[in-house]
Amino acid sequence: MTALPAGGAAAGDVLAEVRALRSADLPTHGGRTLAYVYDSGLGGIDELGMAAYALASSANGLDPTAFPSLLRMENDVVAATASLLGGTAETVGTVTSGGTESCMLAVLAAREGRREVRAPNVVLPATAHAAFRKAAHCFGVRAVEVPVDPGTFRAEPAAMAAAIDGDTVLVVASAPSYAHGVVDPVAEIAAAAAARGVRMHVDACIGGWVLPYLRRLGAEVPPFGFGVEGVTSISVDLHKYAYCPKGVSVLLHAGADLRRGHYFASADWPGYTMLNSTLQSTKSGGPLAAAWAVLRHIGDDGYLRLARETLAAVAEIRDGIEKIEGLRVLGSPDSTLLAFTTAGDDVGFDLFTVADEMRERDWYVQPQFAHGSSPVNLHLTVTAANRGGEAAFLAGLAGSVDVARAAGPVVVAPELVELITALDPDKLTPAEFEGLLTGAGLAGDGGLPERMAQVNVLLAAAPARLRERVLLEFLGLLYRPSALP
Ligand SMILES: *Cc1c(COP(=O)(O)O)cnc(C)c1O
């Protein structure tokens, strides 16, 4: 299949081809994929989003004076987000392409707000999303990682406060963290940041649109919005629990002064004076219009109902996991995400095999490697579409654990583990990386392995830096142009 046939293919044929390609993907609806995708379970939502997307996708958010519809919709979406999160008359915001861009812009604005600092740093709990490390990497800011409580996986306010120094431009907390779904003690951390005159960002990318509703339903949700003294910015992804088509997030600031640092202008070229509010310049109106339409259609009551269903599903899945011998939930999740690991030291099975077995049963659960006090675990992002399917999920999980236990732990030759831990990732050549990948079954002509447990056990043994490098080489092998016609 070439993307540029001489004659051009008929539209109907092309769409059939897209459908055929998509059939190999994980399902995005029905609750069987418990990471990456968010399904409200409501009929018509996707169709509405796509129709609005189509109406605005050719409009360009680069120039709000040329496309006032996008300006209006952005201001509406920002207002709705701010009102959920305790915004005031001073609150302003920006619609971005996703959580990573929102987090990056928060770091950029904070750095630009303190241009006099020569070696700026951002203080992060160890559980902060990797997007902040990307921001630090891209914007020349040092990431100062602070260990979290080893039992609850919540940030420790005293340790966070102690990590702040004269070069700190931003302090971060999560509401909740992606890995464990726990909400950091935002109020204490914000107070410590404010006492030092430092900005404080709440990463509510995944929780910002669901935690306020969970609170209204009576769940105990610690305060994390602009009502908390010292919070200066908040990120909220609409393509997560607002169930909007992908490509839309909101970054809120407590005041316009705080936002200015991520705005960019250049009049220094012969073209139009370029004014950008985000990292993108040309910016499709599609995701924004889709989000505006979905928010208006579902409405406040609709989101409350969806949160109620999600809360019920999470509770049932959590209870069920605790009842499966050999499994335990990590920490005490405050929201709609769960991470579980093996209980006890010698359970005799591998979580990676459990993940493979779930895949055999058409469920996707996401392996997370050990980091700091957090052991290897499996992550679940539970959405409203999981309501009603809890028993089937738990039966699949119990069956997968049984099979994994019968199979025993994955055995990897000790020499191989020794070899891997001794490798210096910064000295390996591309050819050596390829050798490693071939050895792990990730390179070569055979396609990807059906089962990942062997590979994951090896990757788990590798130090984080080596794992990063090996997997980036893997990515580089995946992204090779299709054979030329
Ligand atoms: C998803 C997520 C992000 C990053 O968002 P993307 O939309 O994947 O770029 C950042 N922080 C948290 C807590 C998240 O869950």
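Numbers here are sequence positions counted from 1. Bear in mind the structure is a predicted one, so any value in this text is a computation, not a measurement. Scope of the values below: all heavy atoms of this structure, side chains included, with no hydrogens, waters or symmetry mates. Read the numbers this way: they start at 1 and go in the same order the structure lists the ligands and their atoms.
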Among His262, Arg259, His201, which one satisfies side-chain hydrogen bond (donor to acceptor under 3.5 Å, both in side chains) with Ser233? His201
Decide, yes or no, whether a salt bridge links Glu360 with Arg451 under the criterion of side-chain N to carboxylate O below 4.0 Å. yes
How many angstroms lie between CG in Leu337 and OG1 in Thr383, if you round to the nearest 0.5 Å? 11.0 Å
My understanding is that only residues two or more places apart in sequence, or in another chain, count here; which of them pass ring-ring contact (aromatic ring centres under 6.0 Å, His included) with Tyr36? Tyr364
Report all protein residues having a heavy-atom distance below 4.0 Å to some atom of ligand 1; order the list by chain, then number. Gly98, Gly99, Thr100, His129, Pro176, Tyr178, Asp203, Cys205, Ile206, Asp237, His239, Lys240
Nearest 0.5 Å please: distance from the CG atom of Leu397 over to the CD atom of Glu390. 13.5 Å
Are Arg133 and Glu145 close enough that some pair of their side-chain heavy atoms sits under 4.5 Å apart? yes
